[in-house]
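Side-chain atoms are counted along with the backbone in the values below, which use heavy atoms only and exclude waters and symmetry mates.
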Amino acid sequence: MSSLQPVRGTHDLLPEEMRAFRHVVETGRGVAARYGFAEMATPIFEFSGVFARTLGDTSDIVTKEMYTFADRKGESLTLRPEGTAGIARAFISNGLANDLPFKVFYAGPMFRYERPQKGRQRQFHQIGVELLGVSEPQADVEVIAAGRHIIDALGIKGNVTLEINTLGDTESREAYRGALVAFLSGRIAELSADSRERLERNPLRILDSKDEGDRAVIADAPLLGDFLNPASRAFYDDLKNGLMDIGLDFVENPRLVRGLDYYGHTAFEFTTDALGAQGTVMAGGRYDGLIKTMGGPATPGVGWAAGVERLSMLLAEAPAAERPVAMIPAGNDAVIRREATILTERLRRAGFCVDLAFSGNMGKRMKRANKVAAKVAVILGEDERLARAVTLRDLDSGEQTTVSLDRMEETLRGLFAGGGDAFGGI
RNA sequence: GCGAGUGUAGCUCAGUUGGUUAGAGCGCCAGUUUGUGGUACUGGAUGUCGUCGGUUCGAUUCCGAUCACUCGCCCCA
């Protein structure tokens, strides 16, 4: 094993893995486009304030997981830990509030200084959508439907469940927060050390604790549902009805909360039991206060992000690479080699994916053709050259025939189209 | 950040109760077949036994540290 290691929590994407990875991103991009989300990209680093202010200073991401550094001018920059803040910043920077709704899809690397585990890396990749400018719950329904559609289109292994909850509007949430803190303070002795700390910082998160003692206490805790004001309750009901109208199954999870401070109303997660502790595959919610908090015009928003690595690990089957044509010069004669290069380029210009065997005897070159899963071998030797022809061998059936050069592309297309009698009429 | 486990060939793993030349399967390379692949057969190469240090006559094996990964917590995608 080499001493040249990649940085902790980072990984190389070798071609085979990359195919699965790209399939996830391309499927996401394609499905999102059907829902009207146009792709955009923001820089992978921003001024640190973009994240520090928007994610909230109680979130773990801001308090201990950011890759922050000073550039040569002493400016504090941060590698983006998630995508929404950058999109929101771009939305404001570019004055996009005049053209609502604003619907975007994005894909790219994110960075968090965390302890790596399966499905949890320091550099990972997300795809995500954001829908800004619509305060009606139909927007939430559309965003969630796009997410479900992508997961279905990918053919994810195992069961992926949609869990939803409402955090209510600010008024409801503050009322609940007060009640919850009062309740938990009364039973603080029963709480885990982690949760005691969270009581001040982010009490809602205690609801999500995996500690058994905590869970016993939480079972008796007041429910957020009982603190929703009429508007918040109506919003949540509309969301649920909207999901049911289009046949999206969901499970209500009153303990589902969000780690980031900017969320309100809708919170949702798509989870699987196939990834151990990292079961969340896609998550999001509504963030009506975010744009204003960042200094932009008050604009509601809703969106989600999904982990590309997590999704690609769950891919039922990664798409196979395209089957090439193998160009096989017979022998090492300089004239044949030149001719092979010319024909290879000609086929590529004609749209074929061509693997040119550079060296070795014929057997070796054929083996290579087999290894790259070529569909057809184009054999070019002295006989063919003199006849201004090539021999085409179907590597699946073993049938081969010699065709004149001006029929090469046509015959190849026939073979790729799967026509059994592609050699017919030659 | 906390607790635990693992680290031997490109991959999956066996092994040495501390002893001189470290193994298998898969893969890779070559040959049987110098104008024909997949199957089969034959042969071959490859390791600072993660890294550094300690104990020892001697360490891949024992001890310590360190790095990486894995599992749980935390957090989240």
Side-chain angles (χ1 to χ4, degrees), chain A residues 1-11 14 16 24 28 55 58-65 81-84 107-128 147 192-195 197-198 202 205 208-212 214 257-260 269-272 275-284 304-314 326 328-333 336 357 360-385 391-400 402:
Chain A
M1 193 169 288
S2 168
S3 62
L4 243 29
Q5 290 181 333
V7 173
R8 184 174 201 196
T10 66
H11 287 283
L14 270 19
E16 194 181 337
V24 170
L55 302 182
T58 66
S59 75
D60 276 38
I61 290 183
V62 169
T63 53
K64 48 192 190 201
E65 295 176 2
E82 55 98 48
T84 305
M110 305 292 165
F111 306 84
R112 291 183 199 170
Y113 193 90
E114 293 185 279
R115 184 138 183 188
Q117 243 178 72
K118 191 190 197 75
R120 193 171 78 182
Q121 301 164 230
R122 288 185 172 183
Q123 175 177 340
F124 61 106
H125 299 78
Q126 290 186 328
I127 54 175
S192 66
D194 280 334
S195 288
E197 212 173 291
R198 282 188 286 220
N202 193 352
R205 278 228 71 90
D208 211 15
S209 173
K210 287 175 189 165
D211 182 88
E212 272 186 43
D214 287 351
V257 292
R258 306 271 66 204
L260 309 182
E269 282 185 9
F270 287 92
T271 58
T272 166
L275 280 178
Q278 278 70 239
T280 302
V281 112
M282 178 183 285
W304 52 251
V308 177
E309 284 84 355
R310 289 186 187 177
L311 286 173
S312 61
M313 278 189 284
L314 295 168
I328 302 192
N332 281 310
D333 178 70
I336 296 289
N361 58 29
M362 183 113 187
K364 225 172 140 182
R365 289 172 173 175
M366 287 297 286
K367 275 185 182 173
R368 174 169 171 83
N370 206 59
K371 199 160 58 178
V372 298
K375 163 76 180 159
V376 183
V378 177
I379 299 162
L380 176 72
E382 191 58 16
D383 297 346
E384 286 86 353
R385 191 181 70 81
T391 295
L392 301 182
R393 181 181 179 85
D394 184 313
L395 292 171
D396 293 332
S397 68
E399 288 176 51
Q400 70 180 46
T402 300

To the nearest Å, give me how far apart [atom1] ([X]) and [atom2] ([N]) are.
| X | N | atom1 | atom2 | result |
| --- | --- | --- | --- | --- |
| Gln5(A) | rG50(B) | CD | P | 12 Å |
| Glu114(A) | rC73(B) | CD | C1' | 13 Å |
| Met313(A) | rC69(B) | CE | P | 14 Å |
| Ile379(A) | rG37(B) | CD1 | P | 10 Å |
| Arg115(A) | rC2(B) | CZ | P | 7 Å |
| Asn361(A) | rC29(B) | CG | C1' | 13 Å |
| Glu309(A) | rC76(B) | CD | C1' | 13 Å |
| Lys118(A) | rU6(B) | NZ | P | 18 Å |

| message | Under 3.5 Å, is there a donor on one side chain and an acceptor on the other for Gln123(A) and Thr10(A)? | response |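 On atom types as modelled, these side chains do not qualify, holding no pair under 3.5 Å.
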| Cut-off 3.5 Å, side chains only: do Gln400(A) and Thr391(A) have a donor facing an acceptor? |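 Side-chain D/A pair, Gln400(A) to Thr391(A): absent.
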| For Met362(A), which contact category applies under a 4.0 Å heavy-atom criterion: base, sugar-phosphate, or nothing? |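 Base: the residue Met362(A), judged by heavy atoms under 4.0 Å, touches a nucleobase.
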| query | Looking for any heavy atom pair under 4.0 Å, which part of the strands does Arg8(A) touch: base, sugar-phosphate only, or nothing? | reply | sugar-phosphate
Under 3.5 Å for both donor-acceptor distances, Watson-Crick or wobble: does [N] have a partner, and if so which one?
| N | result |
| --- | --- |
| rG7(B) | rC67(B) |
| rG19(B) | rC57(B) |
| rG1(B) | rC73(B) |
| rG31(B) | rC41(B) |
| rG47(B) | none |

Does the base of [N] carry an N or O that pairs as donor and acceptor with the side chain of [X] under 3.5 Å?
| X | N | result |
| --- | --- | --- |
| Arg120(A) | rC75(B) | yes |
| Gln400(A) | rG37(B) | no |
| Arg393(A) | rG37(B) | yes |
| Asn370(A) | rG37(B) | yes |

Can you check the distance between [N] and [M], where both ends of the measurement are the [atom1] atom (answer in whole Å)?
| N | M | atom1 | value |
| --- | --- | --- | --- |
| rG44(B) | rG23(B) | P | 13 Å |
| rC49(B) | rG19(B) | P | 16 Å |
| rU61(B) | rU6(B) | P | 14 Å |
| rC75(B) | rG15(B) | C1' | 40 Å |
| rU17(B) | rC26(B) | C1' | 31 Å |
| rU46(B) | rA24(B) | P | 13 Å |
| rU51(B) | rU56(B) | P | 23 Å |
| rA68(B) | rG31(B) | C1' | 41 Å |

| said: Pair Ile127(A), Trp304(A) - check side-chain contact (heavy atoms from CB on, under 4.5 Å), show working. | reply: CA-CA 8 Å; Ile127(A) 54 175; Trp304(A) 52 251; 4.1 Å; yes
| query | Where do Ala369(A) and Leu395(A) come nearest, in terms of heavy atoms and distance? | reply | CB-CD1, 4.1 Å
| said: If you compare all heavy atoms of Arg310(A) against all heavy atoms of Gly119(A), which two are closest, and at what distance to 0.1 Å? | reply: NE-O, 2.7 Å
| task | With side-chain contact (heavy atoms from CB on, under 4.5 Å) as the test, would you mind laying out the steps for Arg393(A) and Met366(A) before giving the verdict? | result | CA-CA 10 Å; Arg393(A) 181 181 179 85; Met366(A) 287 297 286; 3.7 Å; yes
Would one find a side-chain N or O of [X] under 4.0 angstrom from OP1 or OP2 of [N]?
| X | N | answer |
| --- | --- | --- |
| Gln117(A) | rG72(B) | yes |
| Arg205(A) | rC76(B) | yes |
| Lys371(A) | rC29(B) | yes |

| said: One pair to check against side-chain contact (heavy atoms from CB on, under 4.5 Å): Ile379(A) and Met362(A). What are the steps and the verdict? | reply: CA-CA 9 Å; Ile379(A) 299 162; Met362(A) 183 113 187; 3.5 Å; yes
